[in-house]
Structure formats: structure tokens, C-alpha cells
2 protein chains.
Amino acid sequence: MKVSKIIDVAKKADVSPATVSRVLNGSNLVNAKTKAKVMQAIRELDYIPNNMGKQLRSRKTMTLAVVVSDIRVSYYAEIIKGIENMANSLHYKVLICDAQNQKAKEFEFLSLLMNRTVDALILVTPNLSDEEIAVYADNGYTIGLIGRKIEHPQMPCSFTDNVKLAREVIVHFVEQGHRKIAFLCGYADAMDSQARLEGYMKALQEAGIPYEDDLVDNGDFSEEGGCEAFKRLRSHRSDFTAVFAANDEMALGVYKACAELGISIPDQLAVAGVDNIRLTNYVRPRISSVEQPLYAMGAVMTEKLIDQMNDNVWADKRSFKVDARLVVKESSKGAE
Amino acid sequence: MKVSKIIDVAKKADVSPATVSRVLNGSNLVNAKTKAKVMQAIRELDYIPNNMGKQLRSRKTMTLAVVVSDIRVSYYAEIIKGIENMANSLHYKVLICDAQNQKAKEFEFLSLLMNRTVDALILVTPNLSDEEIAVYADNGYTIGLIGRKIEHPQMPCSFTDNVKLAREVIVHFVEQGHRKIAFLCGYADAMDSQARLEGYMKALQEAGIPYEDDLVDNGDFSEEGGCEAFKRLRSHRSDFTAVFAANDEMALGVYKACAELGISIPDQLAVAGVDNIRLTNYVRPRISSVEQPLYAMGAVMTEKLIDQMNDNVWADKRSFKVDARLVVKESSKGAE
DNA sequence: ATGAAAGCGCTAACAA
DNA sequence: TTGTTAGCGCTTTCAT
């Protein structure tokens, strides 16, 4: 059977294509009777509007792209879900872009914005630099950011207060009586790492504990990387009694290293991580971890972004700093 | 700065728009010299082709939609990654559709196909019935299927040999000396459940063990559901020495129930699951589990689907039955 | 090897 | 409230 177009409906309902379009798009300047006629024709013809034509004419794709480094990582999956659900409820679609941990791929996906495949692009903790990203926003492309903040009048962001986050963990350790606290940081050049290091140092200072350079090392956010970094740390120093890992993967790496080295958690070493992934509740002792509201971060940003595109500008607020909360479990309790 | 279109490039290069289009699309009937001229103009104008125009005219979106019930579940994430990576390497984009476990949403996403937002749709273990899906394929829409098989000349599928999978697990249990083996099945009406039940029964028969109705119960693939189902089972019978759970979540539920009931794994009860999720390696004892090549299933299907759309029909094979492999760990070894 | 011309299917000014 | 008329930006016959 031939697929019908708007002109077919118009003829059958004895109106103009414009009127059909109005009915389709819920314009309120259509007579109820006319509308009924049109609806009838649509039904009889099994008419379904062709989205390609609509896009071209209206210059809108109603589609967002979300770029992450690895879809499989639960951190990203959770954020994507927040984005997708919010987008869908606002009649937007979501293109998924798996950058496979390659900065070059992130760059490639930016072309989706330029060639008008999508109306906006959301970057989740990208490897691109602030400047590289800002260029696009400057050129009028709509970009949203999750997990990082860039000062730009047009770029909505949602991100965690990393200083506060790190501070909270260290305060907790101090309360448990720890004085020598190591920090397994992420990539040295990452924003997050900087901020968390700041929070770490701040909290130490507040507690009157001197900062020591060799109690800090960097990992790559992987279990293996955490394991290695911990061993490295341990080869220099063996007097620390607590470790703050920049994420749970690295905390798991610490667990692995401790198993090998015969270090008992939490008696000889307290451990805490970030993300509060499901796994932290299945290993023994369960890992204390900082939980970020990932789903909400995705959803809020998306709402804001779409709002901005549609010029519903209560342009007051573009930047959402969200609070994380430390979930204390056995890995950091009951220390001496 | 004004954004330029194909006509601007044509003028600047002193050729026709058609020629520019040919260059853009890598047609080989373009003089090398002409091509160079056009490329130069493109560069000078920073010309970027507009995808909306292209789509409308070529009647192709170069986009796939993939429908899953919950993006966050690692089972789906892994498949999606396979799909996305393959699609991308073939210059296709992927729309992500989170059905939030609602059949109604799955239906809604089918409209993406009908209104030409995407060229094809991939359903991953959908809740829709075979008939509901087949209707669309009959009407000429391109649909691919993962985790289920539907006999249809136009519908590529990739799915696991569930009979074999279940058989393998039971054979393993029998080899370990078990004779009373329980089966925590998934939804009673699911394809997979049927097939696995068949494999279970078959293996028992081969081992000369009579099938007993009350050694089988159904769960909902969740940890909680598995826990409950196990307790239910256990309230009728307490003589079985092994449990085969239809997925790892349910196996985790069994672990939970056993912890509550004081049953020791694997000494008093051997356990095995399906999916071999990461968690199975972090609980103690580690859970024996059947691993499916999810990434590959996604990738293969996608390749086939795209191939089919582009009429590269070595139409011989549409159906990919893949083998899963049992990874034996501590939860099912060392039983009496 | 290149160009001219005709749309793909729809919406948005502008008129009426 | 409805219709008329132009395109949105591109590709693709059909000529040449």
C-alpha cells in the first residue's frame, strides 16, 4: 500500500496542507469541526507524518547526543538513563555516543552538532579541554556538561562539589581517629582530581594534620590502576592507616592489593571510595563510598538544556552544583 | 558568520551543486582537478553539509534505534556497546530507547520506524510478542532481534542456544555428583525460560534422573525475586543439593536466602547462574555462571541488519545462534 | 565528466 | 480560522 503524505490527507479532508499541519502540531487556531474532519482523514489513510520533512522545514531534530567514554560503566549508564528519561518525557530523542575512551572520537561526535544531526550535545566528563569545548558554545552550538564545570554563559552544567566531597571523607576518617591518611587520586590533570585534592588538603589542615606529599598518588580510575598505585604508595610509606580512593574501582584495587599483601581491612587500613557502585555492597567488608545523584544530574541538565533551546529562559541558573553524600560502611568503621 | 550551503560552494568553485554533492559523497565520476577545486571551496567556506536536507532527499537517516528495558543493566549495556561500535564503524548512529520495563513504551518506540526517524530498529529481549513484532517486519519495516528468535525471512536475530546452555549446567552439576537439582526459572511465559526448562529436563533424562515438578519455580530475574523463589522452593523441598538460577541476579538472591537460612555454599548447596556478570567474581564463593557473548551478539546483528538494508544480500543467513560457555567457579565445585 | 531542474515532505509567512 | 505559496538543503534523474 502506498504511503500517504500530508497533501493526501488535505485532499481527503478537503482542507489545505497547512491546516493538516496545524492539527498535527496541536495548534489551537483550528476549528473543532475541521480538526475532526482532518483526524478522520488521517485515520482512514493511516497517515503518519514523515519526520525527515518536518526536521528540514522546522530546522529542529528534537534529538540530543550524549557522549560518554564507555557506555558499560555504571556511572555513565546511570547518567544516560537520567538524560534519556527526561528527554523522552519532553519529546526528545537521544543519540548514544560511545567514545571508547578516545579523545579523537569525542571530537568526531561534535560534528553531529555541526551537521545538524542533533540540536544539542551533552558531554559527560569529557577528555576534551575546557577551551576545546568552549569554542563550540561560542559558535552558537548548544552544549551541556555533566561532571564538570565550565564558566560560560550558554553552557548548562551539573557537577558535584568535589572539594566538599573529599573533605567529608577525610573528616570521617579523622573522626575515626586516623591521622595518616593517604589519597589515591585520579588522573593528575583532571578537574575532579584537583578539586578533591584541594578538599583533602583543606580537611587535613582543619584537623591540624600536616600535608605530606608522598601520601598522595595517582591512578587511572581502574581497579588495576588502583592496585598498582596502592602498592607504589605502600613501598614508600607503610605508616598510613586510611586510604581515600578517587573512585570505587580504585578502592577495589586497594582491596586486591591488601589481599595480596595480607593487610586487613578495616583493622589495619580503613578504605573509602567514590560512586557507591553496587559492588561496594557485595565485597566484604562493604566499602564506604560517596554517592552522587547521577540520575538526577543527567535529568536536571537535560531539562535545563532543552529549556534553554526553547527560550524558556529563566536564564538565571545554568550551573548545578550538587551535593554528594558519604555512605559509611564497614571498610571505614571500627578502626582503632 | 553565515553558514554556507552547497550552492555557495558550487558558486565559489564554479561548478554545479550536483558536482559538489558528488565530491561530498565520494562519487568516482568526478575529475580529480574538479574535485580539488571543490575541496578548496569547501575549506574556504568552512562548509559543512546539512544532514536534514541530506536525509530528506536520500530517504535515509543512517540511524538505528535500539530498544531495551533498562539501560543500566549490564546485560543490555554490553549489547548496546556492541551495536553502537559496529554501527559507528559503518557510519550509522544509534538512538537509545529505554523502555523502563514497560511494554507500552516499547510500542511507542516502534513509531520511530514508521515516521522515518530511524532506518531500522533493534529489539533486545522485548516484551512484545512474536506476532506483534512480525506485523512490522511484514509491513516492510526493518527490525532486528537480539536474545530471541522469530522465524521471519526479513528479520535478523542473534540469540543464545538456551537448551544447550541449560543442559551444560545440569551436566556439570551431575558430574559433581548431584542428583536433586532445582531450577529457578525466569518468567514462565518467556521464550528463554521455556528453552532452558527444556534443556534442564533433557539433561536430567540423559542422566537418568526423574524430573520433579516441585524442583522448579519461577522468579522475575531480580535478586529479590530469586531470594523469594528460593525460599518458596525450600519450603516444599529441602533435599536438593544444587540450584540452577536463570540469571545471576537470581543466583545472588539465592545467596541472600542461604545467608538467612544458614545454608552453606557450596558444601550444602551448589549454585550456578547465567550472564557471568562482574559481581559473580566478587562475592564469596564466586558464582559459577554461563557467559554469553553479548557484545558480539550486538555487533553481528547490527552488521547483518545494515547489510540487509543496503542490499548486500548474501541473504543466506539471518539467524545467529551463538554458544554460551559455562564458567565454573567455587559455588559449584567441591560438593560431596 | 558535468549541469539543469525537479522535487523529498513538511511548516511558516503572509494573505484572505 | 483557513489557504496560498515558498522554500528548508540536499541528491538524483536526465541531458549534454
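Computed from heavy atoms alone, side chains included, the values below leave out hydrogens, waters and symmetry copies.
Checked against C:dA4, C:dC10, D:dC10, the side chain of A:Pro49 finds its nearest nucleotide in C:dC10. Nearest nucleotide to the side chain of A:Leu56, out of D:dT11, D:dG3, D:dC8: D:dC8. The side chain of B:Asn31 approaches C:dA1 more closely than any other nucleotide in the set C:dA1, D:dT11, C:dC10. With D:dC14, D:dG3, C:dA1 as the candidates, the nucleotide lying closest to the side chain of B:Leu29 is C:dA1. Among the nucleotides D:dT2, C:dG3, C:dT11, the one closest to any side-chain atom of A:Ser21 is C:dT11. Ranking C:dT2, D:dT2, C:dC10 by closeness to the A:Asn50 side chain, first place goes to C:dC10.
Residue B:Arg59 places no side-chain N or O under 4.0 Å from the OP1 or OP2 atom of D:dC10. An OP1 or OP2 oxygen of C:dT11 is reached within less than 4.0 angstrom by a side-chain nitrogen or oxygen of A:Asn25. Taking side-chain N and O atoms only, B:Arg57 has no distance below 4.0 Å to OP1 or OP2 of D:dC8. For A:Lys54, no side-chain nitrogen or oxygen approaches OP1 or OP2 of C:dG9 to under 4.0 Å. Contact annotation: B:Tyr47 side-chain N/O to D:dC10 OP1/OP2 distance is under 4.0 Å. Between A:Thr19 and D:dG3, a side-chain N or O to OP1/OP2 separation shorter than 4.0 Å is present.
A:Ile7 has its CD1 atom 12 Å from the P atom of C:dG9, to the nearest Å. The distance from atom CD1 of B:Ile42 to atom P of D:dC10 is 10 Å, rounded to the nearest whole Å. With rounding to whole Å, A:Lys60 atom NZ is found 14 Å from C:dC10 atom C1'. One atom, CD1 of B:Ile6, and another, C1' of C:dA5, lie 15 Å apart when rounded to the nearest Å. We find that NZ of B:Lys5 is positioned 14 Å from P of D:dT11, with the value rounded to whole Å. With rounding to whole Å, B:Lys11 atom NZ is found 20 Å from C:dT2 atom P. Atom NZ of A:Lys33 is separated from atom P of D:dT1 by 14 Å (rounded to the nearest Å). Whole-Å rounding puts the A:Asn51 CG to C:dT11 C1' distance at 13 Å.
The aromatic rings of B:Phe221 and B:Tyr187 sit perpendicular, their planes meeting at an angle over 60°, well past the 30° parallel limit.
Under the side chain to side chain contact (heavy atoms under 4.5 Å, CB included) rule, A:Val20 has a single partner from A:Val30, A:Ile7, A:Val15, which is A:Val15. Put simply, the residue from A:Leu95, A:Leu64, A:Val66, A:Val94 that forms a side chain to side chain contact (heavy atoms under 4.5 Å, CB included) with A:Val118 is A:Leu95.
Residue whose closest nucleotide on DNA chain C sits further toward the 5' end, between B:Ser58 and B:Asp14: B:Asp14. Residues B:Gly53 and B:Ala32 each lie close to DNA chain C; by heavy-atom proximity, the contact nearer the 5' end of the strand is made by B:Ala32.
Within the 4.0 angstrom heavy-atom criterion, no nucleotide atom of any strand lies near B:Arg116.
Remark: A:Asp98 does not engage A:Lys105 in a salt bridge, criterion side-chain N to carboxylate O under 4.0 Å.
Side chain of B:Asn115 to backbone of A:Pro49: no donor-acceptor contact under 3.5 angstrom is found. Counting only distance, with no hydrogens or angles, the side chain of A:Ser16 and the backbone of A:Thr19 share a donor-acceptor pair below 3.5 Å.
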